[in-house]
Amino acid sequence: MAKHSPLKEKSLSFSIRIVNLYKHLTTDRSEFVISKQLLRAGTNPGAMVREANNAESAMDFIHKLGIAQKELSETQYWLELLFHTAYLNEKEFESMHNDSEEMMRMIRSSILTKNKNLGIKVGSLAVLVTLFFTLISYHS
């Protein structure tokens, strides 16, 4: 039986909301360019969370969640742009943005916990060196 994962559930739920928002923007608001960017960035964190759950190592886990974090940040940018260009109203924006912030906190917490379990201080040289070698071996 699969282990209960609030982050996995939250990221899937967020991805579903992003897909539904994309449908709304393209169908009801005739917005096709920014919404496509939002769809790509907004569904990626869920995929990265799934990949992290099947990571090859602890550092790969951290790397995948780091990508999810970056994609969430990009998603927030697209949401802000859609709001400031009146494609999203304040209620729509706040709801999606709040969910993205909650996911960001969950991901940060997972990264910090994994670092703590590894005995690595965030920002330390050990993290940078390990990530560097993980990336080199990952792309080889």
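Values reported hereafter were calculated over all heavy atoms of this structure, with side chains retained and with hydrogens, waters and symmetry mates removed.
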Expected output: side-chain [X] to main-chain [Y] donor-acceptor under 3.5 Å:
| X | Y | result |
| --- | --- | --- |
| E71 | A68 | no |
| S110 | M106 | yes |
| E51 | N54 | no |
| S109 | R105 | no |
| N98 | E94 | yes |

Of all the heavy-atom pairs spanning [X] and [Y], show the shortest one and how long it is.
| X | Y | value |
| --- | --- | --- |
| Q76 | S100 | NE2-OG, 3.0 Å |
| G42 | S15 | O-OG, 3.9 Å |
| F61 | A52 | CD1-O, 3.1 Å |
| I18 | L39 | CG2-CA, 3.8 Å |

Passes side-chain contact (heavy atoms from CB on, under 4.5 Å), Q69 versus I111? Steps please. CA-CA 10 Å; Q69 216 172 9; I111 291 170; 3.6 Å; yes
With D28, which residues qualify under side-chain contact (heavy atoms from CB on, under 4.5 Å), at least two apart?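 Here the qualifying residues are H24.
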Under the side-chain contact (heavy atoms from CB on, under 4.5 Å) test, which residues partner K23, sequence neighbours left out? V19, N20
Do the non-hydrogen side-chain atoms of [X] and [Y] ever get within less than 4.5 Å of each other?
| X | Y | answer |
| --- | --- | --- |
| I107 | M48 | no |
| L25 | Y87 | yes |
| S73 | M104 | yes |
| H4 | E9 | yes |
| T75 | T43 | no |
| L7 | L65 | yes |
| L72 | F14 | yes |
| M96 | L21 | yes |

Look up atom [atom1] in [X] and atom [atom2] in [Y], then write down how far apart they are to the nearest 0.5 Å.
| X | Y | atom1 | atom2 | result |
| --- | --- | --- | --- | --- |
| R40 | N44 | CZ | CG | 7.0 Å |
| D60 | S57 | CG | OG | 5.0 Å |
| W78 | L82 | CH2 | CG | 8.5 Å |
| L88 | L79 | CG | CG | 6.5 Å |
| L81 | H84 | CG | NE2 | 8.5 Å |
| I62 | I67 | CD1 | CD1 | 12.5 Å |

Ring-plane angle category for F93 and F83, please: parallel below 30°, perpendicular beyond 60°, tilted otherwise. parallel
May I have the step-by-step check of salt bridge (Lys or Arg N to Asp or Glu O under 4.0 Å) for E92 and R29, ending in yes or no? CA-CA 13 Å; E92 292 166 329; R29 306 270 169 93; 3.5 Å; yes
For the pair E31 and K36, find out whether any cationic side-chain nitrogen is under 4.0 Å from an anionic carboxylate oxygen.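 No.
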Can you find a side-chain donor-acceptor pair between E74 and Q37 that sits under 3.5 Å?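 Q37 and E74 do not have a side-chain donor-acceptor pair below 3.5 Å.
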So, R17 versus S95: side-chain donor-acceptor pair below 3.5 Å or not? yes
Find out if a path of hydrophobic residues (ILVMFWY) with successive side-chain heavy-atom gaps under 4.5 Å connects I16 to V49.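 No; V49 is not reachable from I16 via cluster members.
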Which of these passes side chain to side chain contact (heavy atoms under 4.5 Å, CB included) with D99: E101, E102, H97?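 Testing D99 for a side chain to side chain contact (heavy atoms under 4.5 Å, CB included) against E101, E102, H97 leaves exactly one candidate, E102.
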